[in-house]
Amino acid sequence: ECIYTKHLCLDGRQIHLEIYDPCSQQGKLSLADELHWADGFIIVYDISDRASFAFAKALLYRIRESHTGVCKKMAESSIFLVGNKQDLCHMREVGWDEGQKLAIDNKCQFYELSAAEHYQEVVAMFTKVLRNITANSKVKEKRRPSGSKSMAKLINNVFGKRRKSV
């Protein structure tokens, strides 16, 4: 499989990153397993290759389609659309406005950059993606607990009993 792993520290927090790269499997669009464990998506297309843009559009559609399906977690996922090879603008087949429109239509963030000439842009984009994902996970952590534990706490507060376990 095309899964790359990396451990890093971002804003004082240890992060275990797993990146799945389906580029070698362009015919495969099921993504069923990946949709269940992914906290975010970076979909990259080549601005000098209309076919890669069409593939990116199909991937975005597949990810968004899962929102209405079984995988409700995806509603909280971060999705970034990235147009790469900005250094080849003289060979451009996909306009910046097309990428921006696709991103707006799919409620995702949009970048256009050149990984070959400006690796700092790639680092900045990945940092923004990771901060976005970790911010979403902090929001999830702040949610009130549900189920028997919160009900037990409510009952204990009403009746003044302090129980250590539920």
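The basis for the numbers below is simple: all heavy atoms, side chains too, and nothing from hydrogens, waters or symmetry mates. What you are looking at is a predicted structure, and each value in this text was computed from that prediction instead of being measured. We number each residue from 1, following the sequence as shown.
- In summary, E112 and R92 engage in a salt bridge, as defined by a charged side-chain N under 4.0 Å from a carboxylate O.
- Screening I63, V129, I42, N106 against I79 for a side-chain contact (heavy atoms from CB on, under 4.5 Å) leaves a single residue, I63.
- Considering OG of S78 and CZ of R131, their distance stands at 13.5 Å, rounded to 0.5 Å.
- When the side chains of ILVMFWY residues are joined at heavy-atom separations under 4.5 Å, either directly or via intervening members, L8 and V122 end up in a single hydrophobic cluster.
- A distance-only check finds a donor-acceptor pair linking the side chain of E121 to the backbone of S114 [under 3.5 Å].
- Counting heavy atoms from C-beta on, the side chains of K57 and L102 come closer than 4.5 Å.
- From L113, atom CG reaches atom CD of Q120 across 11.5 Å, with rounding to the nearest 0.5 Å.
- A salt bridge between K101 and D97 is absent, with no side-chain N of the basic residue lying under 4.0 Å from a carboxylate O of the acidic one.
- Considering only residues two or more places apart in sequence or on other chains, F53 meets the ring pair (Phe, Tyr, Trp, His ring centres under 6.0 Å) condition with Y45.
- Both L81 and W96 are members of a single hydrophobic cluster when ILVMFWY side chains are connected at heavy-atom separations under 4.5 Å.
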Note to self: Could you walk me through whether F80 and F41 satisfy the side chain to side chain contact (heavy atoms under 4.5 Å, CB included) test, starting with their C-alpha distance in whole Å, then the side-chain angles of each, then the deciding distance to 0.1 Å, before giving a yes or no?
What the structure shows: CA-CA 6 Å; F80 291 75; F41 295 89; over 6 Å; no

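- Across every non-hydrogen atom of L60 and C108, the tightest pair is CD2-SG, 4.2 Å.
- Proximity of L88 to H90: side-chain heavy atoms (C-beta onward) are separated by under 4.5 Å at one or more points.
- In this structure, the side chains of C9 and I15 stay at 4.5 Å or more apart for every pair of heavy atoms.
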Next item on the list: Please report the C-alpha distance between N84 and I47 in whole Å, then the side-chain angles of each, then the deciding distance to 0.1 Å, and finally whether the side chain to side chain contact (heavy atoms under 4.5 Å, CB included) criterion is met.
Entry: CA-CA 6 Å; N84 189 26; I47 68 165; over 6 Å; no

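- Side-chain contact between Q109 and N132: present, with at least one pair of heavy atoms (C-beta onward) separated by less than 4.5 Å.
- Side-chain contact between R50 and V94 is present, with heavy atoms from C-beta onward closer than 4.5 Å.
- Counting only heavy atoms from C-beta outward, the side chains of L130 and L17 approach each other to under 4.5 Å.
- Judged by distance alone, the side chain of D11 and the main-chain N or O of R13 form no donor-acceptor pair under 3.5 Å.
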Next item on the list: For side chain to side chain contact (heavy atoms under 4.5 Å, CB included), just list the numbers for T127 and L10, CA-CA rounded to whole Å, side-chain angles, deciding distance to a tenth of an Å, and then say yes or no.
Entry: CA-CA 8 Å; T127 302; L10 179 69; 3.9 Å; yes

